[in-house]
There are 2 protein chains.
Amino acid sequence: MTRKKAYHHGNLRQALIDAAFELIEERGVPALTLREVARRAGVSHAAPKRHFADRSALVAALAEHGFRGLAAHVESVRASRQPRDSAERLRALGVAYIEYAIAHPAHLRVMFSPEVADKTRYPELQRAADAVHDMLHGGIEKAQREGLVRRGDPNALAFAAWSMVHGCATLLIDGQARRTPVRTLIESAVRTLHDGLEPGAAVSAARTGRRAGR
Amino acid sequence: MTRKKAYHHGNLRQALIDAAFELIEERGVPALTLREVARRAGVSHAAPKRHFADRSALVAALAEHGFRGLAAHVESVRASRQPRDSAERLRALGVAYIEYAIAHPAHLRVMFSPEVADKTRYPELQRAADAVHDMLHGGIEKAQREGLVRRGDPNALAFAAWSMVHGCATLLIDGQARRTPVRTLIESAVRTLHDGLEPGAAVSAARTGRRAGR
DNA sequence: ACCTGAACACCGTTCAAGT
DNA sequence: ACCTGAACACCGTTCAAGT
(Lines give C-alpha, C1' and ligand atoms only; values in the text may rest on other atoms or scores of the structure.)
Protein backbone atom coordinates (compact mmCIF):
# COMPACT_ATOMS: atom_id res chain seq x y z
CA MET A 1 0.00 0.00 0.00
CA THR A 2 2.46 2.64 1.17
CA ARG A 3 5.28 0.83 -0.60
CA LYS A 4 5.10 2.64 -3.92
CA LYS A 5 6.18 5.90 -2.34
CA ALA A 6 8.98 4.34 -0.32
CA TYR A 7 10.47 2.91 -3.50
CA HIS A 8 11.31 6.17 -5.15
CA HIS A 9 13.57 7.25 -2.39
CA GLY A 10 14.45 4.18 -0.41
CA ASN A 11 15.43 0.65 -1.20
CA LEU A 12 15.36 0.85 -4.96
CA ARG A 13 17.70 -2.11 -5.16
CA GLN A 14 15.14 -4.44 -3.59
CA ALA A 15 12.33 -2.90 -5.61
CA LEU A 16 14.23 -3.70 -8.80
CA ILE A 17 14.80 -7.28 -7.70
CA ASP A 18 11.12 -7.73 -6.87
CA ALA A 19 10.08 -6.26 -10.20
CA ALA A 20 12.54 -8.51 -12.02
CA PHE A 21 11.14 -11.70 -10.49
CA GLU A 22 7.59 -10.59 -11.27
CA LEU A 23 8.58 -9.92 -14.84
CA ILE A 24 10.30 -13.29 -15.28
CA GLU A 25 7.33 -15.13 -13.82
CA GLU A 26 4.93 -13.28 -16.10
CA ARG A 27 6.84 -13.32 -19.35
CA GLY A 28 9.89 -15.54 -18.97
CA VAL A 29 13.62 -14.94 -18.70
CA PRO A 30 14.08 -13.68 -22.27
CA ALA A 31 11.70 -10.81 -21.46
CA LEU A 32 13.86 -9.65 -18.56
CA THR A 33 15.03 -6.20 -19.52
CA LEU A 34 16.68 -3.49 -17.46
CA ARG A 35 14.45 -0.83 -18.96
CA GLU A 36 11.24 -2.73 -18.24
CA VAL A 37 12.37 -3.43 -14.68
CA ALA A 38 13.11 0.26 -14.17
CA ARG A 39 9.74 1.15 -15.63
CA ARG A 40 7.95 -1.18 -13.20
CA ALA A 41 9.87 0.28 -10.27
CA GLY A 42 8.85 3.74 -11.42
CA VAL A 43 12.31 5.11 -12.07
CA SER A 44 14.18 6.21 -15.16
CA HIS A 45 15.90 3.61 -17.30
CA ALA A 46 19.33 4.77 -16.16
CA ALA A 47 18.58 4.56 -12.43
CA PRO A 48 19.43 0.84 -12.02
CA LYS A 49 23.03 1.66 -12.93
CA ARG A 50 23.64 2.86 -9.35
CA HIS A 51 22.72 -0.57 -8.01
CA PHE A 52 23.66 -2.96 -10.81
CA ALA A 53 26.63 -2.31 -13.06
CA ASP A 54 24.98 -4.07 -15.98
CA ARG A 55 22.36 -6.62 -16.90
CA SER A 56 24.53 -9.55 -15.75
CA ALA A 57 24.94 -8.00 -12.33
CA LEU A 58 21.16 -7.90 -11.94
CA VAL A 59 20.85 -11.53 -13.03
CA ALA A 60 23.62 -12.46 -10.57
CA ALA A 61 21.74 -10.72 -7.76
CA LEU A 62 18.57 -12.60 -8.70
CA ALA A 63 20.46 -15.90 -8.79
CA GLU A 64 22.00 -15.19 -5.39
CA HIS A 65 18.51 -14.53 -4.05
CA GLY A 66 17.43 -17.86 -5.52
CA PHE A 67 20.22 -19.84 -3.87
CA ARG A 68 19.55 -18.24 -0.48
CA GLY A 69 15.85 -18.99 -0.81
CA LEU A 70 16.62 -22.59 -1.69
CA ALA A 71 18.90 -22.96 1.34
CA ALA A 72 16.19 -21.48 3.55
CA HIS A 73 13.57 -23.84 2.15
CA VAL A 74 15.78 -26.86 2.72
CA GLU A 75 16.38 -25.75 6.30
CA SER A 76 12.68 -25.22 6.96
CA VAL A 77 11.83 -28.66 5.61
CA ARG A 78 14.52 -30.18 7.77
CA ALA A 79 13.06 -28.44 10.81
CA SER A 80 9.43 -29.35 10.14
CA ARG A 81 9.69 -32.88 8.77
CA GLN A 82 12.16 -34.16 11.35
CA PRO A 83 13.88 -36.88 9.31
CA ARG A 84 14.69 -39.96 11.38
CA ASP A 85 18.04 -40.90 9.90
CA SER A 86 20.61 -39.35 7.59
CA ALA A 87 19.33 -41.25 4.54
CA GLU A 88 15.83 -39.91 5.02
CA ARG A 89 17.35 -36.51 5.62
CA LEU A 90 19.20 -36.70 2.31
CA ARG A 91 16.03 -37.74 0.57
CA ALA A 92 14.18 -34.79 2.11
CA LEU A 93 16.88 -32.47 0.81
CA GLY A 94 16.34 -33.73 -2.73
CA VAL A 95 12.58 -33.41 -2.52
CA ALA A 96 12.95 -29.90 -1.10
CA TYR A 97 15.17 -28.91 -4.04
CA ILE A 98 12.57 -30.12 -6.53
CA GLU A 99 9.69 -28.55 -4.58
CA TYR A 100 11.48 -25.23 -4.56
CA ALA A 101 12.06 -25.37 -8.30
CA ILE A 102 8.39 -26.08 -9.00
CA ALA A 103 7.24 -23.35 -6.60
CA HIS A 104 9.73 -20.79 -7.97
CA PRO A 105 10.63 -21.69 -11.54
CA ALA A 106 11.84 -18.16 -12.27
CA HIS A 107 14.34 -18.44 -9.45
CA LEU A 108 15.73 -21.75 -10.65
CA ARG A 109 16.05 -20.57 -14.25
CA VAL A 110 18.01 -17.53 -13.23
CA MET A 111 20.19 -19.56 -10.83
CA PHE A 112 21.41 -21.62 -13.76
CA SER A 113 21.29 -19.01 -16.47
CA PRO A 114 24.30 -19.16 -18.82
CA GLU A 115 24.87 -15.45 -18.16
CA VAL A 116 26.05 -16.18 -14.63
CA ALA A 117 27.61 -19.59 -15.20
CA ASP A 118 31.00 -18.08 -14.43
CA LYS A 119 30.47 -17.29 -10.77
CA THR A 120 34.04 -16.13 -10.13
CA ARG A 121 32.89 -12.67 -11.19
CA TYR A 122 30.24 -12.62 -8.46
CA PRO A 123 31.71 -13.71 -5.10
CA GLU A 124 28.42 -13.34 -3.23
CA LEU A 125 26.67 -15.56 -5.75
CA GLN A 126 29.52 -18.03 -5.49
CA ARG A 127 29.13 -18.20 -1.72
CA ALA A 128 25.36 -18.62 -1.89
CA ALA A 129 25.72 -21.46 -4.39
CA ASP A 130 28.48 -23.06 -2.34
CA ALA A 131 26.29 -23.01 0.76
CA VAL A 132 23.70 -25.17 -1.01
CA HIS A 133 26.38 -27.46 -2.36
CA ASP A 134 27.90 -27.82 1.10
CA MET A 135 24.55 -28.93 2.54
CA LEU A 136 24.43 -31.72 -0.01
CA HIS A 137 28.06 -32.66 0.45
CA GLY A 138 27.68 -32.71 4.23
CA GLY A 139 24.55 -34.81 3.97
CA ILE A 140 26.36 -37.38 1.84
CA GLU A 141 29.30 -37.62 4.24
CA LYS A 142 27.07 -37.97 7.27
CA ALA A 143 25.05 -40.72 5.63
CA GLN A 144 28.28 -42.48 4.68
CA ARG A 145 29.47 -42.39 8.28
CA GLU A 146 26.22 -44.00 9.34
CA GLY A 147 26.60 -46.65 6.66
CA LEU A 148 23.49 -45.52 4.81
CA VAL A 149 25.29 -44.40 1.66
CA ARG A 150 27.93 -46.51 -0.01
CA ARG A 151 31.60 -45.65 0.29
CA GLY A 152 33.47 -43.63 -2.30
CA ASP A 153 34.57 -40.07 -3.07
CA PRO A 154 31.93 -37.83 -1.43
CA ASN A 155 32.44 -35.24 -4.17
CA ALA A 156 31.60 -37.76 -6.86
CA LEU A 157 28.57 -39.07 -4.95
CA ALA A 158 27.33 -35.56 -4.21
CA PHE A 159 27.66 -34.74 -7.89
CA ALA A 160 25.57 -37.77 -8.85
CA ALA A 161 22.89 -36.82 -6.33
CA TRP A 162 22.91 -33.24 -7.53
CA SER A 163 22.65 -34.38 -11.15
CA MET A 164 19.54 -36.44 -10.45
CA VAL A 165 17.78 -33.79 -8.44
CA HIS A 166 18.77 -30.91 -10.66
CA GLY A 167 17.93 -32.80 -13.83
CA CYS A 168 14.53 -33.74 -12.44
CA ALA A 169 13.82 -30.16 -11.40
CA THR A 170 14.82 -28.59 -14.71
CA LEU A 171 12.96 -31.15 -16.83
CA LEU A 172 9.82 -30.61 -14.76
CA ILE A 173 9.84 -26.80 -14.91
CA ASP A 174 10.49 -26.96 -18.65
CA GLY A 175 7.27 -28.94 -18.99
CA GLN A 176 8.92 -32.17 -20.07
CA ALA A 177 6.56 -34.27 -17.96
CA ARG A 178 4.55 -36.48 -20.26
CA ARG A 179 1.48 -38.55 -19.58
CA THR A 180 2.56 -39.16 -15.98
CA PRO A 181 1.71 -37.14 -12.84
CA VAL A 182 4.50 -34.93 -11.53
CA ARG A 183 4.35 -36.55 -8.11
CA THR A 184 5.02 -39.96 -9.59
CA LEU A 185 7.98 -38.63 -11.56
CA ILE A 186 9.53 -37.00 -8.50
CA GLU A 187 9.12 -40.16 -6.46
CA SER A 188 10.68 -42.19 -9.26
CA ALA A 189 13.70 -39.89 -9.47
CA VAL A 190 14.27 -39.77 -5.72
CA ARG A 191 13.77 -43.50 -5.30
CA THR A 192 16.03 -44.32 -8.23
CA LEU A 193 18.71 -42.09 -6.73
CA HIS A 194 18.62 -44.25 -3.63
CA ASP A 195 17.97 -47.69 -5.11
CA GLY A 196 19.22 -47.47 -8.68
CA LEU A 197 17.55 -48.99 -11.70
CA GLU A 198 18.76 -52.54 -11.16
CA PRO A 199 16.32 -55.11 -9.81
CA GLY A 200 18.39 -56.25 -6.83
CA ALA A 201 18.09 -52.86 -5.19
CA ALA A 202 14.40 -53.33 -4.60
CA VAL A 203 15.19 -56.22 -2.33
CA SER A 204 17.96 -54.46 -0.49
CA ALA A 205 15.76 -51.41 -0.02
CA ALA A 206 13.27 -53.59 1.82
CA ARG A 207 15.91 -54.76 4.25
CA THR A 208 16.11 -52.91 7.50
CA GLY A 209 19.76 -53.54 8.27
CA ARG A 210 22.80 -52.68 6.22
CA ARG A 211 25.01 -55.04 4.36
CA ALA A 212 28.22 -53.44 3.20
CA GLY A 213 28.46 -50.56 5.65
CA ARG A 214 31.76 -49.43 7.07
CA MET B 1 36.50 -23.48 -50.19
CA THR B 2 33.91 -22.93 -52.90
CA ARG B 3 31.20 -22.79 -50.26
CA LYS B 4 31.12 -19.06 -49.72
CA LYS B 5 29.87 -18.39 -53.23
CA ALA B 6 27.30 -21.16 -53.12
CA TYR B 7 25.81 -19.63 -49.99
CA HIS B 8 24.65 -16.41 -51.57
CA HIS B 9 22.37 -18.10 -54.00
CA GLY B 10 21.83 -21.60 -52.74
CA ASN B 11 21.15 -23.15 -49.38
CA LEU B 12 21.02 -20.00 -47.30
CA ARG B 13 18.99 -21.83 -44.69
CA GLN B 14 21.80 -24.22 -43.89
CA ALA B 15 24.35 -21.41 -44.05
CA LEU B 16 22.40 -19.51 -41.40
CA ILE B 17 22.24 -22.58 -39.17
CA ASP B 18 25.98 -23.15 -39.50
CA ALA B 19 26.72 -19.51 -38.74
CA ALA B 20 24.42 -19.62 -35.72
CA PHE B 21 26.17 -22.62 -34.18
CA GLU B 22 29.57 -20.99 -34.75
CA LEU B 23 28.35 -17.84 -33.09
CA ILE B 24 26.95 -19.65 -30.06
CA GLU B 25 30.15 -21.63 -29.62
CA GLU B 26 32.24 -18.48 -29.83
CA ARG B 27 30.19 -16.10 -27.75
CA GLY B 28 27.40 -18.01 -26.05
CA VAL B 29 23.65 -18.24 -26.51
CA PRO B 30 22.90 -14.68 -25.33
CA ALA B 31 25.03 -13.39 -28.24
CA LEU B 32 22.88 -15.21 -30.79
CA THR B 33 21.34 -12.53 -32.92
CA LEU B 34 19.54 -12.71 -36.24
CA ARG B 35 21.43 -9.72 -37.58
CA GLU B 36 24.84 -11.11 -36.68
CA VAL B 37 23.95 -14.48 -38.17
CA ALA B 38 22.87 -12.78 -41.40
CA ARG B 39 26.09 -10.76 -41.41
CA ARG B 40 28.19 -13.91 -41.09
CA ALA B 41 26.29 -15.56 -43.90
CA GLY B 42 26.91 -12.52 -46.06
CA VAL B 43 23.29 -11.51 -46.56
CA SER B 44 21.18 -8.57 -45.50
CA HIS B 45 19.63 -8.57 -42.06
CA ALA B 46 16.16 -9.10 -43.50
CA ALA B 47 17.10 -12.13 -45.59
CA PRO B 48 16.64 -14.75 -42.82
CA LYS B 49 12.94 -13.88 -42.76
CA ARG B 50 12.39 -16.07 -45.84
CA HIS B 51 13.70 -19.10 -43.95
CA PHE B 52 12.87 -18.39 -40.30
CA ALA B 53 9.76 -16.47 -39.34
CA ASP B 54 11.41 -15.03 -36.26
CA ARG B 55 14.22 -15.56 -33.80
CA SER B 56 12.41 -18.42 -32.02
CA ALA B 57 12.01 -20.28 -35.31
CA LEU B 58 15.79 -20.17 -35.81
CA VAL B 59 16.38 -21.42 -32.27
CA ALA B 60 13.85 -24.20 -32.85
CA ALA B 61 15.68 -25.24 -36.03
CA LEU B 62 18.98 -25.30 -34.11
CA ALA B 63 17.40 -27.36 -31.35
CA GLU B 64 15.96 -29.80 -33.86
CA HIS B 65 19.43 -30.15 -35.37
CA GLY B 66 20.76 -30.84 -31.90
CA PHE B 67 18.27 -33.61 -31.16
CA ARG B 68 18.93 -35.29 -34.51
CA GLY B 69 22.68 -35.11 -33.91
CA LEU B 70 22.23 -36.63 -30.47
CA ALA B 71 20.15 -39.49 -31.87
CA ALA B 72 22.80 -40.10 -34.53
CA HIS B 73 25.57 -40.14 -31.94
CA VAL B 74 23.71 -42.59 -29.75
CA GLU B 75 23.18 -44.85 -32.78
CA SER B 76 26.84 -44.71 -33.78
CA VAL B 77 27.96 -45.58 -30.26
CA ARG B 78 25.54 -48.47 -30.22
CA ALA B 79 26.97 -49.71 -33.53
CA SER B 80 30.63 -49.37 -32.54
CA ARG B 81 30.67 -50.41 -28.90
CA GLN B 82 28.48 -53.48 -29.33
CA PRO B 83 26.95 -53.64 -25.85
CA ARG B 84 26.53 -57.19 -24.59
CA ASP B 85 23.23 -56.90 -22.78
CA SER B 86 20.42 -54.38 -22.49
CA ALA B 87 21.73 -52.97 -19.21
CA GLU B 88 25.10 -52.21 -20.76
CA ARG B 89 23.25 -50.81 -23.74
CA LEU B 90 21.27 -48.48 -21.50
CA ARG B 91 24.45 -47.38 -19.76
CA ALA B 92 26.07 -46.67 -23.14
CA LEU B 93 23.10 -44.52 -24.07
CA GLY B 94 23.58 -42.40 -20.97
CA VAL B 95 27.30 -42.00 -21.55
CA ALA B 96 26.65 -41.08 -25.18
CA TYR B 97 24.20 -38.38 -24.10
CA ILE B 98 26.78 -36.85 -21.78
CA GLU B 99 29.58 -37.18 -24.33
CA TYR B 100 27.47 -35.40 -26.91
CA ALA B 101 26.72 -32.56 -24.50
CA ILE B 102 30.40 -32.06 -23.72
CA ALA B 103 31.41 -32.24 -27.39
CA HIS B 104 28.61 -29.86 -28.49
CA PRO B 105 27.63 -27.65 -25.57
CA ALA B 106 26.04 -25.09 -27.89
CA HIS B 107 23.71 -27.76 -29.24
CA LEU B 108 22.61 -28.90 -25.80
CA ARG B 109 22.00 -25.35 -24.56
CA VAL B 110 19.80 -24.56 -27.49
CA MET B 111 17.95 -27.88 -27.21
CA PHE B 112 16.81 -26.89 -23.74
CA SER B 113 16.54 -23.17 -24.21
CA PRO B 114 13.46 -21.67 -22.54
CA GLU B 115 12.56 -20.05 -25.86
CA VAL B 116 11.61 -23.40 -27.33
CA ALA B 117 10.37 -25.13 -24.18
CA ASP B 118 6.88 -25.17 -25.68
CA LYS B 119 7.51 -27.57 -28.54
CA THR B 120 3.87 -27.73 -29.65
CA ARG B 121 4.62 -24.72 -31.85
CA TYR B 122 7.38 -26.61 -33.67
CA PRO B 123 6.19 -30.08 -34.71
CA GLU B 124 9.51 -31.05 -36.32
CA LEU B 125 11.35 -30.18 -33.12
CA GLN B 126 8.78 -32.13 -31.16
CA ARG B 127 9.36 -35.20 -33.31
CA ALA B 128 13.14 -34.96 -33.07
CA ALA B 129 12.95 -34.68 -29.27
CA ASP B 130 10.45 -37.54 -29.11
CA ALA B 131 12.78 -39.77 -31.12
CA VAL B 132 15.49 -39.39 -28.46
CA HIS B 133 12.98 -39.94 -25.70
CA ASP B 134 11.69 -43.06 -27.42
CA MET B 135 15.20 -44.53 -27.56
CA LEU B 136 15.48 -44.17 -23.81
CA HIS B 137 11.97 -45.45 -23.17
CA GLY B 138 12.56 -48.46 -25.42
CA GLY B 139 15.88 -49.19 -23.73
CA ILE B 140 14.23 -49.21 -20.33
CA GLU B 141 11.44 -51.55 -21.44
CA LYS B 142 13.84 -53.95 -23.09
CA ALA B 143 16.05 -54.08 -20.01
CA GLN B 144 12.96 -54.69 -17.88
CA ARG B 145 11.95 -57.62 -20.06
CA GLU B 146 15.41 -59.11 -19.58
CA GLY B 147 15.14 -58.60 -15.83
CA LEU B 148 18.04 -56.13 -15.76
CA VAL B 149 15.97 -53.14 -14.68
CA ARG B 150 13.47 -53.33 -11.86
CA ARG B 151 9.75 -53.43 -12.56
CA GLY B 152 7.56 -50.33 -12.52
CA ASP B 153 6.07 -47.72 -14.84
CA PRO B 154 8.56 -47.43 -17.72
CA ASN B 155 7.67 -43.75 -18.11
CA ALA B 156 8.62 -43.02 -14.52
CA LEU B 157 11.85 -45.02 -14.77
CA ALA B 158 12.77 -43.39 -18.08
CA PHE B 159 12.17 -40.00 -16.50
CA ALA B 160 14.51 -40.83 -13.63
CA ALA B 161 17.21 -42.01 -16.03
CA TRP B 162 16.78 -38.92 -18.16
CA SER B 163 16.96 -36.69 -15.08
CA MET B 164 20.28 -38.17 -14.01
CA VAL B 165 21.89 -38.04 -17.42
CA HIS B 166 20.49 -34.63 -18.34
CA GLY B 167 21.38 -33.14 -14.96
CA CYS B 168 24.90 -34.50 -15.22
CA ALA B 169 25.31 -33.11 -18.73
CA THR B 170 24.02 -29.63 -17.93
CA LEU B 171 26.00 -29.29 -14.72
CA LEU B 172 29.17 -30.30 -16.55
CA ILE B 173 28.77 -27.93 -19.49
CA ASP B 174 27.96 -25.11 -17.08
CA GLY B 175 31.33 -25.69 -15.45
CA GLN B 176 29.94 -26.91 -12.17
CA ALA B 177 32.61 -29.63 -11.87
CA ARG B 178 34.69 -28.91 -8.82
CA ARG B 179 38.01 -30.38 -7.74
CA THR B 180 37.16 -33.71 -9.37
CA PRO B 181 37.97 -34.91 -12.91
CA VAL B 182 35.04 -34.92 -15.31
CA ARG B 183 35.51 -38.62 -16.10
CA THR B 184 35.11 -39.52 -12.45
CA LEU B 185 31.95 -37.46 -12.17
CA ILE B 186 30.39 -39.06 -15.24
CA GLU B 187 31.20 -42.54 -13.97
CA SER B 188 29.73 -41.67 -10.60
CA ALA B 189 26.49 -40.43 -12.14
CA VAL B 190 26.10 -43.41 -14.47
CA ARG B 191 26.99 -45.91 -11.78
CA THR B 192 24.67 -44.28 -9.25
CA LEU B 193 21.86 -44.42 -11.80
CA HIS B 194 22.32 -48.17 -11.95
CA ASP B 195 23.24 -48.98 -8.36
CA GLY B 196 21.79 -46.15 -6.31
CA LEU B 197 23.44 -44.45 -3.38
CA GLU B 198 22.63 -47.13 -0.82
CA PRO B 199 25.38 -49.50 0.29
CA GLY B 200 23.54 -52.74 -0.48
CA ALA B 201 23.58 -52.03 -4.19
CA ALA B 202 27.35 -52.41 -4.36
CA VAL B 203 26.95 -56.02 -3.36
CA SER B 204 24.07 -56.75 -5.65
CA ALA B 205 25.93 -55.10 -8.53
CA ALA B 206 28.69 -57.64 -8.05
CA ARG B 207 26.29 -60.53 -8.43
CA THR B 208 26.02 -62.05 -11.83
CA GLY B 209 22.47 -63.40 -11.59
CA ARG B 210 19.29 -61.52 -10.95
CA ARG B 211 17.22 -61.67 -7.86
CA ALA B 212 13.84 -60.06 -8.25
CA GLY B 213 13.46 -60.22 -12.00
CA ARG B 214 10.20 -61.06 -13.67
C1' DA C 1 24.48 10.14 -2.95
C1' DC C 2 21.09 9.21 -6.08
C1' DC C 3 18.44 9.96 -10.09
C1' DT C 4 17.20 12.13 -14.87
C1' DG C 5 17.28 12.93 -19.98
C1' DA C 6 19.55 12.98 -24.15
C1' DA C 7 22.56 10.40 -27.04
C1' DC C 8 24.70 6.35 -29.45
C1' DA C 9 25.03 1.85 -31.29
C1' DC C 10 22.60 -2.22 -31.49
C1' DC C 11 18.58 -5.36 -32.04
C1' DG C 12 13.86 -7.64 -34.02
C1' DT C 13 10.40 -6.91 -37.21
C1' DT C 14 7.90 -4.94 -41.14
C1' DC C 15 7.33 -3.67 -45.85
C1' DA C 16 7.74 -1.53 -50.28
C1' DA C 17 10.92 -2.19 -53.81
C1' DG C 18 14.26 -4.55 -56.62
C1' DT C 19 16.06 -8.79 -59.47
C1' DA D 1 11.12 -16.99 -55.47
C1' DC D 2 14.42 -14.68 -53.02
C1' DC D 3 16.82 -10.78 -51.33
C1' DT D 4 17.63 -5.55 -50.23
C1' DG D 5 17.23 -0.98 -47.82
C1' DA D 6 14.76 2.13 -45.26
C1' DA D 7 11.90 2.62 -41.30
C1' DC D 8 10.06 1.94 -36.52
C1' DA D 9 10.08 0.71 -31.81
C1' DC D 10 12.88 -1.30 -28.52
C1' DC D 11 17.15 -2.35 -25.88
C1' DG D 12 21.95 -1.70 -23.13
C1' DT D 13 25.16 1.62 -21.95
C1' DT D 14 27.26 6.16 -21.27
C1' DC D 15 27.47 10.74 -19.49
C1' DA D 16 26.65 15.50 -18.52
C1' DA D 17 23.38 17.63 -15.74
C1' DG D 18 20.14 18.12 -12.03
C1' DT D 19 18.57 17.70 -6.85
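Order of the sequence lines fixes the chain letters, A, B, ..., with proteins taken first and strands second; residue numbering starts at 1 for each chain.
When the P atom of C:dC2 is taken as reference, atom NE2 of A:His51 falls 7 Å away, rounded to whole Å. For B:Phe52 and C:dT13, the CZ to P distance is 13 Å, given to the nearest whole Å. Straight-line distance from the CD atom of A:Glu36 to the C1' atom of D:dA9: 14 Å, rounded to whole Å. Rounded to an integer number of Å, the gap from CG of B:Leu34 to P of C:dG12 is 5 Å. Look at CD on B:Glu115: it is 12 Å from C1' on C:dG12, rounded to the nearest Å. Across the protein-nucleic acid pair, B:Leu32 atom CG and C:dG12 atom C1' stand 12 Å apart, rounded to whole Å.
Residues B:Arg55 and B:Glu115 meet the side-chain proximity criterion, which asks for heavy atoms closer than 4.5 Å. Between B:Pro48 and B:His51, the closest side-chain pair of non-hydrogen atoms is not below 4.5 Å.
The phosphate of D:dC11 has OP1 or OP2 within less than 4.0 Å of a side-chain N or O from A:Arg39. OP1 or OP2 of C:dC10 has not a single side-chain nitrogen or oxygen of B:Thr33 nearer than 4.0 Å. Applying the 4.0 Å criterion to OP1 and OP2 of C:dC15, one finds that B:Arg50 has every side-chain N and O outside that range.
Ring pair A:Phe21/A:His107 is parallel by interplanar angle, where below 30° counts as parallel and above 60° as perpendicular. Below 30°, between 30° and 60°, or above 60°: for A:Phe112 and A:His166 the angle between ring planes is between 30° and 60°, a tilted geometry.
For D:dG12, the paired nucleotide is C:dC8, the pair qualifying as Watson-Crick or G-U wobble because both relevant distances are below 3.5 Å. With both pairing distances under 3.5 Å, C:dA17 is matched to nothing as a Watson-Crick or G-U wobble pair.
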Distances for protein N/O vs nucleotides 5-8 of chain C N/O pairs under 3.5 angstrom?
from	atom 1	to	atom 2	distance (Å)
C:dA6	N6	A:His45	NE2	3.0

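A salt bridge does not link A:Arg27 with A:Glu22: none of the charged nitrogens is closer than 4.0 Å to a carboxylate oxygen. Taking the charged nitrogens against the carboxylate oxygens, B:Arg91 and B:Glu88 have no contact shorter than 4.0 Å, which rules out a salt bridge.
Comparing D:dC3, C:dT13, D:dG12 by their closest approach to the side chain of B:Arg55 singles out C:dT13. For B:Lys49, taking side-chain heavy atoms from C-beta onward, the closest of the listed nucleotides C:dC3, C:dT14, D:dG12 is C:dT14.
To the nearest 0.5 Å, atoms NE2 (B:His194) and CD (A:Glu198) are separated by 5.0 Å.
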